[in-house]
Amino acid sequence: MRSLHLALFLETTGCHYAGWRMPASTPVPHASDWKTLKTLALKAEAAKFDMVFMADKLSIDDIYNSSFNEAVRHRVIERPEPFSVLSALGAVTEKIGLAGTVSSSFSQPFAAARTLATLDHLTGGRAGWNVVTSTSDAEAANYGQQLLSHDKRYLKAEAFIDAVRRLWDSWEDEAIEGDRQHGVYARGDKIHYADIDNAWFKVKGPLNVPRSPQGHPVTIQAGGSGAFTALAAKQADAIFAAEKPDLASARRYYAQLKRLVVEQGREADSLKILPGLQPIIGDTQKQADEMLNALTQLHHPLATLSHLSNTMNYDWGRHSLDEPVPDIAAQLGRRERFEPMLNHARENGMTLRQFAKWVARSGFIVAGTADSLAERITTWYRERAVDGFVIMPPYVPGASDAFFDKVVPLLQERGVFRSDYQADTLRGHLGLRRPTHSR
């Protein structure tokens with residue numbers, strides 16, 4: 001039976017550029033604060049969320065004005081290593097899924113497969129990984145490499161996912177016999193070399209961790225380009241997609257992606273589509289709007305532009321804040337993603353200052369009452385525009401607590417979200433089958 005899925009974007013300082021400055025946020029926030037991380041995960045589990053998700057980035061932004069001075073001045077830029085955090089959270093939670101980001105651009109398949117399999121064993125089948133292609137020169141420099149072209153990054157990503165899965169399948173489910181009477185621990189005929197040898201990776205294997213409870217930890221992807229969509233339709237169990245501007249657009253995107261999944265020989269529901277949503281919840285619409293305006297007023301334009309510089313791999317510091325947004329789409333490696341937003345800014349005559357404010361306020365943010373948020377989520381789900389949402393609290397704990405305490409009960413009353421867990425694994429929460437062994 002189809003059901004709504006909810007993931008929590010685990011960000012102790014909030015998901016908005018200025019969230020850490022809000023009065024309802026944690027004082028003197030810290031991205032690695034264990035108390036806040038633990039509290040968020042436990043509250044998400046009490047609310048019966050499918051999973052918590054922790055993003056990653058492999059550098060400090062340093063493209064804006066060829067320095068990280070502006071990046072560290074105006075926004076939170078810390079990124080603790082996600083799987084260390086998720087392993088700790090696995091010890092204090094019992095049911096909720098635990099997913100983190102892995103870069104296919106710079107990670108090695110053996111190390112990634114081993115980390116994920118270990119987490120899956122330690123948590124009884126609750127691990128997931130968000131496979132990303134790194135996009136900035138700063139990240140590449142931290143690994144002593146050059147950034148690959150967009151197309152090559154996705155070719156490498158596909159090879160990376162395939163290699164990791166082959167390593168997970170290098171052990172069959174029945175490999176460990178544990179026969180104490182005859183002294184037989186494992187069966188060698190149930191363990192196999194991976195023998196991965198392609199243009200990107202050479203890995204002999206086998207993995208030195210048995211096949212995990214889920215068989216394969218849940219594979220997530222995030223993005224919006226054509227290459228991303230093609231790879232997700234073929235490989236992903238879930239995608240973190242950008243929310244579409246209206247219900248009709250979201251329904252078209254949902255139907256298109258599900259068709260691509262079927263064309264790959266998969267069942268349509270084997271891929272879950274989960275766009276991001278930043279909820280700002282007030283007792284009235286007026287109060288919610290005032291909270292959003294307060295957040296907007298606290299936002300510094302360089303918080304956005306220093307971030308966009310690294311995301312786009314383009315130094316926005318070469319332009320004045322009060323000059324018109326330039327026509328730079330042709331210079332960007334991720335043109336398919338960024339050209340629409342740049343065109344919108346230019347068509348509306350925005351300066352960089354206005355553009356930065358618009359980016360910070362657009363897209364994911366929805367301000368309203370708990371009832372209007374619950375109705376929006378329910379409608380988009382029932383209209384098959386989404387399978388669920390990644391809830392991205394703009395500030396913590398004010399916005400996160402409001403969603404847990406006020407919106408979730410309304411979703412349960414509407415009959416679209418669970419009141420209790422029906423499974424023990426992340427695959428079970430998402431309604432996904434355990435993959436059969438590939439050999």
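Just so it is clear, the structure is predicted and the values come from calculations on it, not from any experiment.
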*Asks:* CG of Leu308 to CD1 of Ile63: how many Å apart, nearest 0.5 Å?
*Replies:*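 These two atoms lie 11.0 Å from each other.
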*Asks:* Looking at Asp195, is its backbone amide N or carbonyl O close enough to the side chain of Lys204 to form a donor-acceptor pair, meaning the two atoms are under 3.5 Å apart?
*Replies:*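 Answer holds: no.
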*Asks:* Looking just at side-chain N and O atoms, do Glu139 and Ser136 make a donor-acceptor pair shorter than 3.5 Å?
*Replies:*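 Short answer, yes.
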*Asks:* With distance as the sole criterion, is a donor-acceptor pair present between the side chains of Tyr64 and Asn310 under 3.5 Å?
*Replies:*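 Not at all, the side chains of Tyr64 and Asn310 share no donor-acceptor pair under 3.5 Å.
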*Asks:* Do the side chains of Arg126 and Glu94 get close enough for a salt bridge, i.e. N-O under 4.0 angstrom?
*Replies:*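 No, Arg126 and Glu94 are not salt-bridged.
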*Asks:* Quiz question: by atom type and distance under 3.5 Å, do the side chains of Ser105 and Thr133 form a donor-acceptor pair?
*Replies:*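 Thr133 and Ser105 do not have a side-chain donor-acceptor pair below 3.5 Å.
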*Asks:* Whether the side chain of Asp120 engages the backbone of Ala127 through a donor-acceptor N/O pair (distance < 3.5 Å, no angle test) should be reported.
*Replies:*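 Yes; judged by distance alone, with no hydrogens or angles, the pair exists.
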*Asks:* Please check if the side chain of Thr304 supplies one atom and the backbone of Ala360 the other of a donor-acceptor pair under 3.5 Å.
*Replies:*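 It does not hold such a pair.
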*Asks:* Under the ring pair (Phe, Tyr, Trp, His ring centres under 6.0 Å) definition, can you give me all pairs with a residue in residues 375-397, not counting sequence neighbours?
*Replies:*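 Every candidate ring pair (Phe, Tyr, Trp, His ring centres under 6.0 Å) pair involving residues 375-397 fails, so no pair, neighbours aside, qualifies.
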*Asks:* Are side-chain N/O atoms of Ser249 and Asp246 paired as donor and acceptor at under 3.5 Å?
*Replies:*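 Yes, Asp246 and Ser249 have a side-chain donor paired with an acceptor closer than 3.5 Å.
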*Asks:* Determine the minimum heavy-atom distance between Ser306 and Leu302, stating which atoms define it.
*Replies:*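 So the minimum-distance heavy-atom pair works out to OG-O, 2.7 Å.
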*Asks:* Is there side-chain contact between Arg384 and Arg2, with heavy atoms separated by less than 4.5 Å?
*Replies:*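 When only atoms from C-beta onward are counted, Arg2 and Arg384 do touch, with a gap below 4.5 Å.
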*Asks:* To the nearest 0.5 Å, how far apart are CD1 in Ile281 and CG in Leu373?
*Replies:*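 Answer for the CD1-CG pair, Ile281 versus Leu373, is 5.0 Å.
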*Asks:* Relative to each other, are the rings of Tyr314 and His319 parallel, tilted or perpendicular (30° and 60° limits)?
*Replies:*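 Tyr314 vs His319 ring planes: parallel.
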*Asks:* Checking ring pair (Phe, Tyr, Trp, His ring centres under 6.0 Å) between His74 and each of His300, His307, His299, which is the one that passes?
*Replies:*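 Answer after filtering His300, His307, His299: His300.
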*Asks:* Identify whether the distance between the nearest side-chain nitrogen and carboxylate oxygen of Asp50 and Lys272 falls below 4.0 Å.
*Replies:*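 No salt bridge links Asp50 with Lys272.
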*Asks:* Determine whether a donor-acceptor pair (N or O, by modelled atom type, separation under 3.5 Å) exists between the side chain of Asp162 and the backbone of Glu158.
*Replies:*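 No, because the side chain of Asp162 does not come within donor-acceptor range (under 3.5 Å) of the backbone of Glu158.
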*Asks:* Looking only at side chains, do Gln285 and Asp289 share a donor and an acceptor under 3.5 Å apart?
*Replies:*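 Result is yes, a qualifying pair exists.
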*Asks:* If you measure only the distance, is there a donor-acceptor pair under 3.5 Å linking the side chains of Asp315 and Asn65?
*Replies:*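 No, no side-chain donor-acceptor contact under 3.5 Å.
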*Asks:* If we only count heavy atoms from C-beta on, is the Met341 to Phe355 side-chain gap below 4.5 Å?
*Replies:*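 When only atoms from C-beta onward are counted, Phe355 and Met341 do touch, with a gap below 4.5 Å.
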*Asks:* Any heavy-atom pair between the side chains of Gln214 and Asp237 that's under 4.5 Å?
*Replies:*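 With C-beta onward as the side chain, the pair stays apart.
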*Asks:* Examine distances only and state if a side-chain atom of Ser107 and a backbone atom of Ser104 form a donor-acceptor pair shorter than 3.5 Å.
*Replies:*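 Absent.
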*Asks:* Is Arg353 reaching over with its side chain to a backbone N or O of Leu321, donor-acceptor style, under 3.5 angstrom?
*Replies:*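 Side chain of Arg353 to backbone of Leu321, a donor-acceptor pair under 3.5 Å: no, none is there.
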*Asks:* Determine whether the side chains of Glu267 and Ser270 contain a donor N or O and an acceptor N or O closer than 3.5 Å.
*Replies:*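 Looking only at side-chain atoms, Ser270 and Glu267 do not form any donor-acceptor pair under 3.5 Å.
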*Asks:* Evaluate whether atom CD of Glu323 has more than 12 neighbouring non-hydrogen atoms of other residues, nucleotides or ligands under 6.0 angstrom away.
*Replies:*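 Atom CD in Glu323 is crowded, with more than 12 foreign heavy atoms closer than 6.0 Å.
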*Asks:* With distance as the sole criterion, is a donor-acceptor pair present between the side chains of Thr115 and Thr118 under 3.5 Å?
*Replies:*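 No, no side-chain donor-acceptor contact under 3.5 Å.
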*Asks:* Indicate the ring-plane relationship of Phe106 and Tyr143, choosing parallel, tilted or perpendicular according to the 30° and 60° boundaries.
*Replies:*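 Ring orientation of Phe106 relative to Tyr143: parallel.
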*Asks:* Taking 4.0 angstrom as the limit, do Arg79 and Glu11 come out as a salt bridge?
*Replies:*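 A salt bridge links Arg79 with Glu11.
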*Asks:* Do Leu58 and Ser103 touch side chain to side chain, with heavy atoms closer than 4.5 Å?
*Replies:*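 Yes - at least one pair of side-chain heavy atoms lies under 4.5 Å apart.
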*Asks:* Flag the pair Val366 / Leu277 as yes when at least one side-chain heavy-atom distance between them is below 4.5 Å, and no otherwise.
*Replies:*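 A side-chain contact under 4.5 Å exists here.
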*Asks:* Hey, are Asp169 and His216 close enough side-chain-wise for a donor-acceptor pair under 3.5 Å?
*Replies:*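 Yes, Asp169 and His216 have a side-chain donor paired with an acceptor closer than 3.5 Å.
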*Asks:* Looking only at non-hydrogen atoms, find the nearest pair between Lys95 and His429 and report the distance.
*Replies:*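 Nearest heavy atoms, Lys95 then His429: O-NE2, 2.7 Å.
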*Asks:* Any ion pair linking Asp283 and Lys406 (charged N to carboxylate O, less than 4.0 Å)?
*Replies:*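 Asp283 and Lys406: salt-bridged.
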*Asks:* What I'd like to find out is whether the side chain of Asn208 reaches to under 4.5 Å of the side chain of Phe110, using heavy atoms alone.
*Replies:*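 Yes; the side chains approach each other to less than 4.5 Å.
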*Asks:* Show the numbers, then the answer: is there a side-chain hydrogen bond (donor to acceptor under 3.5 Å, both in side chains) between Ser372 and Thr369?
*Replies:* CA-CA 5 Å; Ser372 69; Thr369 64; 3.3 Å; yes
*Asks:* May I ask you to check if Arg21 and Tyr17 form a cation-pi contact, with NZ or CZ under 6.0 angstrom from the six-membered ring centre and within 45° of the axis?
*Replies:*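 The answer is no, since Arg21 fails at least one limit relative to Tyr17.
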*Asks:* Within the distance-only criterion (no hydrogens, no angle test), does the side chain of Thr351 pair as donor or acceptor with the backbone N or O of Pro324 below 3.5 angstrom?
*Replies:*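 Side chain of Thr351 to backbone of Pro324, a donor-acceptor pair under 3.5 Å: no, none is there.
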*Asks:* Would you compute the distance between atom CG of Leu37 and atom NE2 of His30 and round it to the nearest 0.5 angstrom?
*Replies:*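 Leu37 CG to His30 NE2: 10.5 Å, rounded to 0.5 Å.
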*Asks:* When you compare the side chain of Val85 with that of Glu81, does any pair of heavy atoms fall below 4.5 Å?
*Replies:*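 Of all side-chain heavy-atom pairs linking Val85 with Glu81, none is under 4.5 Å.
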*Asks:* Any side-chain donor-acceptor pair under 3.5 Å between Thr101 and Asn130?
*Replies:*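 Checked: Thr101/Asn130 side chains pair up, N/O donor to acceptor below 3.5 Å.
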*Asks:* Could you measure the distance from the CG atom of Asp405 to the NZ atom of Lys43? Nearest 0.5 Å is fine.
*Replies:*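 Asp405 atom CG to Lys43 atom NZ measures 7.0 Å (nearest 0.5 Å).
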*Asks:* Apply the salt bridge (charged side-chain N to carboxylate O under 4.0 Å, His left out) test between Glu383 and each candidate in Arg376, Arg251, Arg252; give the one that qualifies.
*Replies:*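 Exactly one option meets the salt bridge (charged side-chain N to carboxylate O under 4.0 Å, His left out) with Glu383, and it is Arg251.
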*Asks:* Taking the side chain as C-beta and beyond, is there a heavy-atom pair between Ile365 and Pro394 under 4.5 Å?
*Replies:*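 No. Closest side-chain heavy atoms not under 4.5 Å.
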*Asks:* If I take atom CZ from residue Phe9 and atom CG from residue Leu274, how far apart are they, to the nearest 0.5 angstrom?
*Replies:*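 With rounding to 0.5 Å, CZ (Phe9) is 13.0 Å from CG (Leu274).
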*Asks:* Enter the distance from Asp33:CG to Lys35:NZ here, rounded to the nearest 0.5 Å.
*Replies:*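 Asp33 atom CG to Lys35 atom NZ measures 8.0 Å (nearest 0.5 Å).
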*Asks:* Should Glu263 and Arg259 count as an ion pair when the cut-off is N to O under 4.0 Å?
*Replies:*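 Arg259 and Glu263: not salt-bridged.
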*Asks:* Can you tell which of Arg165, Gln264, Arg266, Gln221 makes a side-chain hydrogen bond (donor to acceptor under 3.5 Å, both in side chains) with Gln235?
*Replies:*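 Single side-chain hydrogen bond (donor to acceptor under 3.5 Å, both in side chains) partner of Gln235 among Arg165, Gln264, Arg266, Gln221: Arg165.
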*Asks:* Is there a donor-acceptor pair closer than 3.5 Å between any side-chain N or O of Thr378 and the backbone N or O of Glu375?
*Replies:*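 No: the side chain of Thr378 does not pair with the backbone of Glu375.
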